[in-house]
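Inspection log for the structure reproduced underneath, given as structure tokens.
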Amino acid sequence: MIKRKILLEDHEIPEKWYNVIADMPNKPLPPLHPGTLEPIGPDSLAPLFPEALIKQEVTTDKWVDIPDEVRHIYSIWRPTPLYRAYGLEKALDTPAKIYYKYEGVSPSGSHKPNTAIPQAYYNKQEGIKRITTETGAGQWGSALSFACQHFGITCEVYMVRLSYRDKPYRKIMMNTWGAEVYPSPSERTQAGRNILAANPDSPGSLGIAISEAVEMAATREDTKYALGSVLNHVKLHQTIIGLEAIKQLEKAGDMPDIVIAPFGGGSNFAGLSFPFIRLNLEEGKNIRCVASEPASCPKLTRGVFRYDFGDTAGMTPLLPMYTLGHDFIPAPIHAGGLRYHGAGVIVSQLLKDGLIEASAHDNLEIFEAGVLFARAEGVIPAPEANHGIATAIAEAKKCKEEGTSKTILFNLCGHGNFDMKAYEDYFAGKIQQHELSQEEINASIARLETPEINA
Ligand SMILES: *Cc1c(COP(=O)(O)O)cnc(C)c1O
């Protein structure tokens, strides 16, 4: 029987995460204080994150040990399977070979526990009793709830009020793992009370929920905050994905020409691609790494590279990144967790230096891709994952047109079993093509008063 599924043994779970900063020809520029515009050091993060994670945020060490306890919990769902997508290849009638790494086998159904577990672990080590966070659709909130429950830490989740109302099952998942979930804006914080005083019916936003979670962590001694994307330590933890994939492809006697992953804040893209970028930088390989973003929120393909705030309210340090402007509001369509205005600093520098590529897909195209995939391969992908599938399909079609056989690897970063509403809308013809005009992008970028980067 031909093998669809390439597996590793538990003892083959990598023992170290890979830090691409060590190999980057140009290191990311420093974060700046928004008032003084001076570079700021890691100390400023101390009220929000435990020391071990702040160290990982700024380390230039190439390899970082994965604690045994973290590997042991990883072994609940890791190593994750790598599949050869025979069904998809057949459906596309392509000479390309297509592989996908499947992260939806984790307890919460996506790649997010890869970082939630070590984040909870390091907080526990430093005596933290409570972790706060925000969640939009609920993927990050559920991953962190699962992780905190493992370490006996209370997880306090601020969930955007609209999602709290419309997506009850992710909330119940969090409750099942023992988390406290509050609709945001809430009465629990000054930030929440201010919003409610002005607008008692506020539907909330990710920006507001972040403000509430950060306020709670900054004002309580036993409480820290956790973020599920964008930051360097999050990307570091996710490299377990690509490190496993390389071992699996070696078993299959193959190496990809193209590596693809969906892109929100960059964590699952970093996770799959950085270990392959190491092969490019260290061994002279020529593997294309492509980040796949929504055409409705195209920071990589149409944004600018400059300093900007990481949040909507302008409370974070200024970060050097590709951005559409921190007050850019994407159209309210089903791009799920990919609706962030900027990209993490490492990925931004890599794109600037031509070491990665980006492509954007329309919302209609990504659901066509997701349904084709579900019918050919079985798993119903998370809407975010459909972006990577759309890029993989486009590359496989190019192979057919050119009569070349390339090897394509993409990250199936999560299943879509809680996202049936989005699929229902697609089948009902309610998902429409959305053109983002250059004027809209220009207007958002023109509002930026943050420093430009002359490079
Ligand atoms: C959160 C999430 C994303 C987007 O975040 P990244 O940091 O870009 O990976 C993509 N897919 C799924 C399934 C997610 O849960």
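First listed ligand is number 1; within each ligand, the first listed atom is number 1. Note that the numbering runs from 1 along the sequence shown for the chain.
Residue contacts with ligand 1: Phe269 is excluded, as none of its non-hydrogen atoms falls under 4.0 Å. Ligand 1 is approached by His111 to a heavy-atom distance shorter than 4.0 Å. The closest approach between Gly265 and ligand 1 falls below 4.0 Å for a heavy atom of the residue.
Close contacts of ligand 1 with Ser229, meaning ligand atoms under 4.0 Å from a residue heavy atom, involve 6 (P), 7 (O). Within the listing of ligand 1, atoms 13 (C), 15 (O) sit less than 4.0 angstrom from a heavy atom of Gln139.
Aromatic rings from Phe309 and His326 are positioned such that their centres are separated by under 6.0 Å. In this structure, the ring of Phe410 has its center less than 6.0 angstrom from the ring center of Tyr100. The aromatic ring centroids of Phe427 and Phe367 lie 6.0 Å or more from each other. For Phe49 and His233, the ring centers sit closer than 6.0 Å to each other.
Between Glu244 and Lys101 there is a salt bridge, since at least one side-chain N of the basic residue sits less than 4.0 Å from a carboxylate O of the acidic one.
Of the heavy atoms in Phe263, only backbone atoms (N, CA, C, O) come closer than 4.0 Å to ligand 1. At a heavy-atom distance under 4.0 Å, only side-chain atoms of Lys112, from C-beta outward, approach ligand 1.
At a 3.5 angstrom cut-off on N or O pairs, Glu384 does not count as close to ligand 1. At a 3.5 angstrom cut-off on N or O pairs, Gly264 counts as close to ligand 1. An N or O contact shorter than 3.5 Å is missing between Ala382 and ligand 1 by distance.
Defined by atom type and a distance below 3.5 Å, a donor-acceptor pair is missing between the side-chain atoms of Ser108 and Ser142.
By the 6.0 Å and 45° rule, Arg84 stacks over the aromatic ring of Tyr99.
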